[in-house]
There are 4 protein chains.
Amino acid sequence: MHGIRLSRPERKAVRRQQLLDAAREVFSSKGYTATRIEDITQASGLAKGTFYLYFEEKCDAFAALADDLLTAVENALEDSRALHAKPEPNPAKACKILEDEIAAVLAIYHENRAIATILLHEARLQEAALESRLTAYYARVVRHFSAGLETMRKAGVARSLDAKVAAQCIVGTMERAVQTCLPRRAGSSEIRRLAREIAQLECRGVFR
Amino acid sequence: MHGIRLSRPERKAVRRQQLLDAAREVFSSKGYTATRIEDITQASGLAKGTFYLYFEEKCDAFAALADDLLTAVENALEDSRALHAKPEPNPAKACKILEDEIAAVLAIYHENRAIATILLHEARLQEAALESRLTAYYARVVRHFSAGLETMRKAGVARSLDAKVAAQCIVGTMERAVQTCLPRRAGSSEIRRLAREIAQLECRGVFR
Amino acid sequence: MHGIRLSRPERKAVRRQQLLDAAREVFSSKGYTATRIEDITQASGLAKGTFYLYFEEKCDAFAALADDLLTAVENALEDSRALHAKPEPNPAKACKILEDEIAAVLAIYHENRAIATILLHEARLQEAALESRLTAYYARVVRHFSAGLETMRKAGVARSLDAKVAAQCIVGTMERAVQTCLPRRAGSSEIRRLAREIAQLECRGVFR
Amino acid sequence: MHGIRLSRPERKAVRRQQLLDAAREVFSSKGYTATRIEDITQASGLAKGTFYLYFEEKCDAFAALADDLLTAVENALEDSRALHAKPEPNPAKACKILEDEIAAVLAIYHENRAIATILLHEARLQEAALESRLTAYYARVVRHFSAGLETMRKAGVARSLDAKVAAQCIVGTMERAVQTCLPRRAGSSEIRRLAREIAQLECRGVFR
DNA sequence: TATGAATGAGCTTTCATTCAT
DNA sequence: GATGAATGAAAGCTCATTCAT
């Protein structure tokens with residue numbers, strides 16, 4: 001009748017997820033500041049006080065959503081690194097590796113589009129916790145890409161340049177592109193196309 | 001003893017500026033949301049009500065600061081376009097033009113660093129007026145850069161690519177770079193160096 | 001020890017009433033405009049925010065009090081109409097019917113003296129909702145009395161006159177009389193005496 | 001060029017009147033509470049501070065307007081009393097005297113319709129000064145009418161009744177009638193008709 | 001665990017009144 | 001006298017958070 005009986009901690013996790021799902025919904029449509037705790041609990045069919053059984057404060061719920069997003073990107077890059085540990089002397093192949101990474105990041109951002117926008121453009125400066133999580137995130141991401149560039153340089157593919165600056169540029173490029181060059185309902189082919197465009201740009205520039 | 005005697009409208013303008021200066025200060029240190037009207041008036045040594053003699057609401061004061069910034073960039077790009085209307089077939093020179101434009105934009109962003117950060121990352125999603133001003137701004141800026149790329153392509157300098165995407169990438173790159181690759185007290189030489197790095201990246205990519 | 005245990009909705013109703021009681025008290029002593037929400041909650045021993053759990057705004061609380069009063073009068077007249085549907089050809093009896101109605105109205109106004117005064121003389125022009133409730137109220141009351149006069153005319157008791165004007169005069173007379181001719185602590189006998197006086201006046205005038 | 005040169009006090013009086021005219025206009029359209037000092041000065045083409053050269057506070061301006069109205073009624077009744085000092089044994093003529101008085105009062109109320117409404121229904125309970133002026137006014141008016149009834153009784157025209165109650169009823173009747181039975185643009189003939197209706201009612205009642 | 005009533009700090013905005021020019 | 005900038009008390013309303021049930 002009641003489906004599978006869940007253990008205490010399992011039930012806790014389910015409830016928490018129920019709240020997070022509602023929170024994603026509401027944050028996405030109203031933004032961070034305008035979302036009231038009650039909006040979230042109402043959307044979950046729970047009572048206001050229940051929120052505080054699962055989160056210490058409003059920011060925590062958003063932080064959890066943001067963390068999912070950031071962790072997903074971190075993991076995707078981590079996986080890629082594991083796969084491409086060895087230097088790739090072929091430029092076309094190196095560019096393809098970058099393209100794949102960019103595509104992975106774009107896909108994750110795109111999937112969490114609204115949350116990403118709010119995190120990057122509204123909430124971060126309002127909540128110190130978010131900003132510091134972001135700082136850590138960016139440090140990793142930048143480290144990943146600058147290490148990649150360094151490897152490419154050693155493999156004779158890339159020229160000598162300020163890898164940290166280039167990495168930040170890739171980050172800025174991806175974040176802006178996903179928000180301005182991807183239609184809201186873009187599918188994987190559009191994401192792939194955009195990733196290729198960006199990878200080409202980063203590798204070869206606009207010159208012919 | 002009393003300095004120069006000012007006319008009524010002049011004094012009004014001075015007061016307004018006094019409030020804007022205070023507002024820039026406070027917004028910069030506390031962020032948009034956390035800044036209360038009273039923080040601004042206190043910082044100006046005025047009374048709370050006085051704010052409302054010069055602005056309709058909090059957003060207006062921030063919008064004025066933001067508008068200065070955005071307009072400055074718009075004008076700088078406008079000026080550049082006027083100067084470089086003719087196609088430039090020499091790649092090095094074309095890259096130098098881009099570098100100059102990027103340097104100009106970086107300099108303005110850098111000068112208004114805190115306001116830029118808040119505008120782009122906190123305030124915009126909270127105030128429709130800011131978002132729509134930004135939309136107009138981005139439209140112009142993207143139009144500028146994509147037109148430039150188009151010109152470069154016709155001059156045989158640039159390859160054929162999605163100019164709008166490339167322009168958005170330049171924008172994202174600049175915005176991220178100014179916030180992460182420029183020390184808070186950077187001078188014009190550092191700005192120039194960063195602009196050159198970015199211009200090279202956009203023109204030639206990371207490949208050797 | 002804890003009195004009767006109440007259900008949730010019952011407790012809600014009790015709280016609401018508690019606030020209304022306090023509101024009646026405060027409105028009565030300070031008037032509508034001068035009463036602050038906090039005056040009401042303080043008088044109830046509750047916190048400011050609690051008010052807003054039971055009313056949307058200040059006006060709502062007053063409107064509830066006013067509505068009680070107006071509805072009571074409407075009901076009293078309704079009851080009377082039901083009772084005296086048939087024309088009464090005997091003048092003395094017809095006058096007695098009017099006297100009873102007037103007495104009923106006076107009693108209700110008197111019981112809600114302060115609220116009535118504030119409603120009729122202060123609050124109505126400040127809150128559109130009150131004014132429109134009053135408009136509906138007066139329409140009913142005037143309809144009641146003019147219908148009564150019409151019946152009296154058909155029964156040959158009343159002369160031919162502008163029934164709407166006469167009804168309005170009865171209304172004005174009652175409202176003024178209750179406020180100026182009834183001592184604050186008047187009992188039912190004084191109300192009865194005043195009602196008789198008014199009924200006589202309306203029926204026979206001042207002429208001998 | 002500048003018309004007649006006015007003396008100091010004359011100019012003062014003119015300015016004051018200029019403000020009062022504007023105040024009447026604004027109070028009439030926005031009500032007492034909603035009218036801001038600045039509304040009045042703007043309507044007079046003067047500056048905000050100027051108001052305080054002619055009035056101590058907001059209430060004073062309204063009080064002056066109210067006083068004009070009340071004094072006009074007081075004077076009209078005074079004049080009538082002077083004219084009809086002697087008892088009038090003819091009922092028809094006595095009724096005509098009452099009708100004339102009522103017509104005079106209605107005319108003055110009607111001419112100051114908006115101010116009267118605001119005075120009687122909004123402002124009085126908010127400003128002690130108004131309420132006490134009104135108290136004095138009502139005392140006089142009631143004294144006038146009850147004295148008149150007394151005289152009628154002595155002349156054998158009126159029956160024995162509580163003259164004070166009857167006088168209050170006349171007052172209540174007039175105030176309600178002018179607001180509900182006179183079209184906003186009524187002329188003297190409509191006023192006369194209403195006065196006759198009321199006088200008949202007060203003298204002979206509704207009975208045939 | 002879940003609830004939702006209660007709290008009260010906090011912030012915006014208004015506007016009567018003052019006063020330096 | 002006339003002006004209008006400046007003042008700051010005041011009040012409404014919101015909502016994150018707590019806690020008794």
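It should be emphasised that the depicted structure is a prediction, and the values quoted were computed from it without experimental measurement. The sequence lines fix the lettering, A, B, ..., with proteins before strands; numbering per chain opens at 1.
In a base pair of the Watson-Crick type (N1 to N3 plus N6-O4 or O6-N4) or a G-U wobble (N1-O2 and O6-N3), with each distance short of 3.5 Å, dA9(E) is matched with dT14(F). Using the Watson-Crick or G-U wobble rule with both distances under 3.5 Å, dA20(E) pairs with dT3(F).
Under a 3.5 Å cut-off, the side chain of Thr50(A) and the backbone N or O of Leu46(A) do not form any donor-acceptor pair. Side-chain atoms of His121(A) come within 3.5 Å of backbone atoms of Leu120(B) as a donor-acceptor pair (strictly under, hydrogens ignored). Side-chain atoms of Lys58(C) come within 3.5 Å of backbone atoms of Thr33(C) as a donor-acceptor pair (strictly under, hydrogens ignored).
Comparing Thr33(B) and Thr33(D), the nucleotide of DNA chain E nearest to each residue sits closer to the 5' end for Thr33(B). Summary of the strand contacts: Gly49(B) and Ile37(C) both lie near DNA chain F, and taking for each the nucleotide with the nearest heavy atom, the more 5' one is attributed to Gly49(B). Where Lys12(C) and Thr35(B) meet DNA chain E, the nucleotide closest to each residue was compared, and Lys12(C) sits on the side nearer the 5' end.
Atom OH of Tyr52(B) and atom P of dA9(F) are 16 Å apart (whole Å). Atom pair Arg16(D):CZ and dG1(F):C1' shows a separation of 17 Å (rounding to whole Å applied). Remark: P of dA10(F) and CZ of Arg36(C) are 8 Å apart, rounded to the nearest angstrom. To the nearest angstrom, P of dC15(F) lies 17 Å from CZ of Phe51(C). When the P atom of dC15(F) is taken as reference, atom CD of Glu57(A) falls 17 Å away, rounded to whole Å. What separates CD of Glu10(B) from P of dT21(E) is a distance of 17 Å, to the nearest Å. A straight line from CD1 of Ile40(B) to P of dT12(E) spans 9 Å, rounded to a whole angstrom. Look at CD on Glu38(D): it is 13 Å from P on dT3(F), rounded to the nearest Å.
Within a 6.0 Å sphere centred on CD of Gln18(B), heavy atoms belonging to other residues, nucleotides or ligands number more than 12.
Lys48(C) comes within 4.0 angstrom of a nucleotide base, judged by non-hydrogen atoms across all strands. Within the nucleic acid shown, Arg15(A) comes within 4.0 Å of sugar-phosphate atoms alone, with no base atom in reach, counting heavy atoms only. At a threshold of 4.0 angstrom between heavy atoms, the contacts of Leu53(A) include nucleobase atoms, whether or not backbone atoms are also involved. Residue contacts shown for Tyr54(C) are limited to sugar-phosphate atoms, with no base heavy atom under 4.0 Å away.
Closest approach to the Thr50(D) side chain among dG12(F), dA2(F), dT12(E) is made by dA2(F) (side chain taken as heavy atoms from C-beta onward). Looking at the side chain of Lys58(C), the nearest of the listed nucleotides dA16(F), dG12(F), dT17(E) is dG12(F). The Ala47(D) side chain lies nearest to dT3(F) when the options are dT3(F), dA16(F), dA2(E).
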Go through the steps for Gln126(D) and Tyr32(C) under the test side chain to side chain donor-acceptor pair (under 3.5 Å), then give the verdict.
-> CA-CA 8 Å; Gln126(D) 296 194 44; Tyr32(C) 181 75; over 6 Å; no
